[in-house]
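So the structure is just underneath, and the comments pick up after that.
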Amino acid sequence: TQPFPGIGNHVGPFGARALARALPRVPLLRFLDLGQNIVGDGGAGALAAAIAELPLLETLNLKESLVRGNAAFPLVFGARSFSLAQALAESLGAPGRSLLGVAS
């Protein structure tokens with residue numbers, strides 16, 4: 001499976017919500033890279049609900065996506081596996097790492 005090359009594609013909060021609605025249609029998705037996009041807190045909330053429906057998702061990169069602490073919580077704790085939660089926490093930086101009790 002090829003990664004979704006979403007890095008730096010100007011996917012904003014509205015685009016992230018639209019993508020989240022489509023994600024259940026690709027249950028075999030393993031990698032989703034939305035780094036360097038302005039996903040924001042609103043887009044992150046929609047993605048959190050969508051990733052719960054993706055049993056094979058291994059990586060969701062949201063580095064430099066303007067997702068803050070409160071929006072990071074449902075993403076990290078909604079992940080279907082601990083390895084995905086760790087990867088998400090790392091890509092979210094300090095807000096995500098603090099949720100898992102890892103020093104920044």
Side-chain angles (χ1 to χ4, degrees):
T1 306
Q2 294 295 318
F4 176 82
I7 191 164
N9 283 339
H10 308 288
V11 175
F14 296 110
R17 286 193 287 271
L19 181 61
R21 286 191 301 273
L23 286 176
R25 295 184 188 111
V26 285
L28 301 180
L29 185 69
R30 293 179 46 217
F31 306 98
L32 180 58
D33 190 351
L34 294 174
Q36 298 178 357
N37 284 284
I38 305 172
V39 170
D41 295 346
L47 288 170
I51 66 170
E53 303 299 319
L54 299 174
L56 301 180
L57 188 65
E58 298 172 18
T59 303
L60 172 55
N61 178 23
L62 290 170
K63 191 173 199 167
E64 298 177 28
S65 60
L66 299 180
V67 176
R68 294 182 295 251
N70 289 342
F73 184 87
L75 277 164
V76 172
F77 289 102
R80 291 180 66 110
S81 70
F82 186 69
S83 61
L84 176 57
Q86 284 181 306
L88 265 167
E90 187 60 35
S91 82
L92 289 167
R97 288 192 301 271
S98 69
L99 291 173
L100 293 180
V102 178
S104 299

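Positions are given from 1 along the sequence. Any value given below was found using the heavy atoms of this structure, including those in side chains, with hydrogens, waters and symmetry copies removed.
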Is there a side-chain contact between [X] and [Y] in this structure, where contact means two heavy atoms from C-beta onward sitting under 4.5 Å apart?
X: T59; Y: D33; answer: no
X: L47; Y: L62; answer: yes
X: N70; Y: D41; answer: no
X: L32; Y: I51; answer: no
X: R80; Y: P55; answer: yes

Euclidean distance, N61 CG relative to L34 CG, rounded to 0.5 Å
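Here the interatomic distance stands at 8.0 Å.
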
Value for CZ (F31) from CG (L57), rounded to nearest 0.5 Å, stands at 9.0 Å

Can you name the closest pair of heavy atoms from [X] and [Y] and give their distance?
X: P27; Y: L54; result: CA-CD2, 4.0 Å
X: G43; Y: A16; result: CA-CB, 3.7 Å
X: L75; Y: V67; result: CD1-CG1, 4.2 Å
X: A44; Y: A71; result: CB-CB, 4.0 Å

Can you confirm whether more than 12 heavy atoms, excluding those of I38, are under 6.0 Å from its CD1 atom?
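Open: at most 12 neighbouring heavy atoms sit under 6.0 Å from CD1 of I38.
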
